[in-house]
Amino acid sequence: MARVGVFICHCGENIGRTVDCAAVAAEAGKMSGVAVAVDYKYMCSDPGQAMIRSAIAEHKLTGVVVAACSPRMHEVTFRRAAAQAGLNPYLLEMANLREHCSWVHEDRAAATAKAVDLVRVMVEKVKRNRALLPVRVPIEPTAMVVGGGIAGIQAALDIAAGGRKVILVEKSPSIGGHMARLSETFPTLDCSQCILTPRMVEAATHPNITLMTYSEVAAVEGFVGNFQVTVRRKARYVDVAKCTGCGDCSTKCPQKKIPNEFDANLGTRTAIYTPFPQAVPNKPVIDAEHCIRLTKGKCGLCAKVCTRGAVNFEDKDELVQVKVGAIVLATGFELWDHSAYGEYGGGRLKDVIDGFAFERLASASGPTSGRIQRPSDQAEPKTVVFIQCCGSRDEKMGKAYCSKICCMYTAKHAMLYRHKVHDGRAVVFYMDIRAAGKGYEEFVRRAIEADGAEYVRGRVSRVYRRADGKLIVRGADTLAGKPVTIEADMVVLADAVVPRAGSEKLAQMLGVPYDGDGFYSEAHPKLRPVETAAAGVFLAGACQAPKDIPDSVAQASAAASKVLGLLSRDELEREPIIARVNSQTCVHCRACINACPYRAIEDAALPARAGAPAAQVARVNEGLCQGCGTCAALCRSHSIDLDGFTDEQVFAEIATLE
Amino acid sequence: MEQTKANKNTTRDATGETFEPRIVAFVCNWCTYAGADLAGTSRMQYAPNVRIIKLPCTGRIDPLFILKAFEGGADAVLVSGCHPGDCHYTSGNYHARRRWAVFHKLLDFTGIDPGRLHFSWVSAAEGRKFADLINDITERVRGLGPFASDNPARRQA
């Protein structure tokens, strides 16, 4: 027999001025199943809550309706009060008499009548509420970070410092990411590797961090707190335990002309190679596509010169299974391929390069040892044109967004160029200057005022090679109101920042949504910037949106704090608004399994019982279900229902409105 | 948003009073419910004819809910959720949209005026849109008259 307590709040004058609360309480008292109905000035206050608690005890209430403000305000408050009185918190509902009634209607009679209806709806619902217990899921106290750039390294270090074990998975042979390729970083002009490599070493040597380089995530099963990740450890052909990193193998390798991706293909490398001198781990890998021994069965010089016998041509890819409780995606970005931009040479002009190529030219450890030399003839360019917004802010190229970092790195490039070529001319074509970070505006002004970079506001319509070898850049100077032509020796394009190729496959493996530009979607654009729709999967760095180093580091630390929060307990408690399958009536049509946005429903086998054959049904994974109810609405056999919003409850609510 | 002014003052219900439509709104907790809250916090005034039933997601809405609402006394039904792409549960509103596209035609086929079933996207930031929507629907349905008047086969309450 239901005994519901109804508590009508005046909320001072907020409800009481428009709704006749005493009358609503009187009407509520007449509703079937209501044991007590009272009204009070401030239900959320201490005396108000005490009133609810003592009523629960005195009237042995089986359910409570608090008719007051929006449940988004105080549902938690009142549920806690109910729990303190020994009533299951899910046996309490709120009727919204303020935001949805007293604040939006003036007519007292109409508002009071509506208030009575709203209370009646909730009374009928709460009579059908069941006591629900939070779902408990065990948690594996290890995290995985996918991506070993600055964001991934920072996240790994912070999680490890918090006392949890981390597996850091990196696709290339070394961690470090793009930051290892940079010459200097804005706005300080810090040597990039000097500030990065100590972090790389710390990540490699930290007792809580396991590095898996030259490895990729191949498959992910499971759910928050209980992921099983299959990592493909690609064959290095070098035994890292035996290798000392002496480098004799690379010195002797006859394949010397392979374009070096690290150097933006401006330089070359050997088939057995370490990507850069400060690589971590500082052990080489063999590029199987270009190795003569692996492709043709000849050579094998590296194995012969290696005094440690560390070269192993029989090496194979290895699939490793690991259990983790949380995953951080820090897969970073790449630069858009500007060969789509025919106006700027379509990728065919050798001296039209992108930002990473310029970084490698400027870098002391780069292919030209830090001398600015143009790719076609190694001559020192005396006029360099920098074109901002190449691909970004351009709907015709499919990217409406701003890539955020280019104004800053272009200013940096102009400065580095002017520092190295004192008689050189640096011209920057821009649409706007976005220099919003700390010290950023001052940095750009320094490029212009101290280092003499010429900034021209306008777009470039064409870049072409004249017969005498000069690159002709035709653009507009909109502030002067006239066209401009520059005879350049080299052009640097600020290509759009795009997510790494293949990043969407990883997102699909994990059930992480991504936007139309391929960047991973955060759970809420304002308030949940490092979580995703997939519970237990977090984001850090440029994979979420174009981002500079300070923001990548900050976001990585934020993701780490979320991970540590998740992994700080042995068990995960979840809101029990979850779906349930009636396995007696389920016909295994799998519509729910296909529709669930969280892949929370799985196939389950029902064991054979006397007379009944073994059957397959759907079963909801309580750890994953987020309680949207989409499955409940589409089940053809009405075999799924949603705790907290059951069919019975909703039909009862609707029936009150007759 | 035209109003059927001609009908406004002449539609009367069985007792001869000016007809006050009863509107049942099935809304999602994360967007439209919050949008309605915002309308309240901003003190935007709208017609008192709507009764909101809160659900976690528009994906939860079984077409039977809508039928029961009409059967039970609603003169109009509103279904409102998050904008496409913004569903708190990623895709629940897409399912709702698909169901509505088919159900809307079915309802029309059964002779129920399609002007009585409304579908909208109202985000948590669109308090104004919610208030205007309720006012708009109330006036339209006031013009259409009570549900029973053009659906005589409906079960009597």
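Proteins get letters first, then strands, A, B, ... in listed order; numbering begins at 1 in each.
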Q.
Counting heavy-atom pairs closer than 4.5 Å to chain B, which one of A:Asp117, A:Val121, A:Thr656, A:Asp515 comes out on top?
A. A:Asp117
Q: For each of A:Ser70, A:Ala110, A:Cys69, tally heavy-atom pairs with chain B at distances under 4.5 Å, and name the one with the top tally.
A: A:Ser70
Looking at every non-hydrogen atom in both residues, tell me the closest pair between [X] and [Y] and how far apart they are.
{"X": "B:Phe65", "Y": "A:Ile654", "value": "O-CD1, 3.5 Å"}
{"X": "A:Cys628", "Y": "B:Tyr89", "value": "CB-CG, 3.1 Å"}
{"X": "A:Ala595", "Y": "B:Ser91", "value": "O-OG, 4.3 Å"}
{"X": "A:Arg72", "Y": "B:Asn29", "value": "NH1-O, 2.7 Å"}
{"X": "B:Pro56", "Y": "A:Leu642", "value": "CG-CD2, 3.6 Å"}
{"X": "A:Thr630", "Y": "B:Arg99", "value": "O-NH2, 3.6 Å"}

Of the backbone (N, CA, C, O) and the side chain (C-beta and beyond), which part of [X] lies under 4.5 Å from a heavy atom of chain B, both, or neither?
{"X": "A:Leu634", "value": "both"}
{"X": "A:Ala632", "value": "both"}
{"X": "A:Phe645", "value": "both"}

Atom pair [atom1]/[atom2] of [X] and [Y] - distance to nearest 0.5 Å:
{"X": "B:Ile53", "Y": "A:Gln649", "atom1": "CD1", "atom2": "CD", "answer": "11.5 Å"}
{"X": "A:His638", "Y": "B:Asp62", "atom1": "NE2", "atom2": "CG", "answer": "5.5 Å"}
{"X": "B:Asp37", "Y": "A:Asn96", "atom1": "CG", "atom2": "CG", "answer": "5.5 Å"}
{"X": "A:Gln626", "Y": "B:Cys57", "atom1": "CD", "atom2": "SG", "answer": "11.5 Å"}
{"X": "B:Arg51", "Y": "A:Glu653", "atom1": "CZ", "atom2": "CD", "answer": "14.0 Å"}

(Q) Are more than 12 heavy atoms, taken from residues, nucleotides or ligands other than A:Glu106, located less than 6.0 Å from that residue's CD atom? (A) no
Would you mind checking which part of [X] comes under 4.5 Å of any heavy atom in chain A, side chain (CB onward), backbone (N, CA, C, O), both or neither?
{"X": "B:Ile61", "result": "backbone"}
{"X": "B:Tyr33", "result": "both"}
{"X": "B:Ala34", "result": "both"}

Within the side chain of [X], is there an N or O that forms a donor-acceptor pair under 3.5 Å with the backbone of [Y]?
{"X": "A:His105", "Y": "B:Gln45", "answer": "no"}
{"X": "B:Arg43", "Y": "A:Val104", "answer": "no"}
{"X": "A:Arg98", "Y": "B:Gly40", "answer": "no"}

Q) Should A:Asp647 and B:Lys68 count as an ion pair when the cut-off is N to O under 4.0 Å? A) no
Q. With chain A, which of B:Val24, B:Leu55, B:Leu38, B:Ile134 has the greatest number of heavy-atom pairs at distances under 4.5 Å?
A.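 With the most close heavy-atom pairs to chain A, the winner is B:Leu55.
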**Q.** Results of side-chain contact (heavy atoms from CB on, under 4.5 Å) for B:Ala125 - residues two or more places apart only
**A.**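 Applying side-chain contact (heavy atoms from CB on, under 4.5 Å) to B:Ala125 gives B:Ser123.
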Q) Between B:Val50 and A:Lys114, is any pair of side-chain heavy atoms under 4.5 Å apart? A) yes
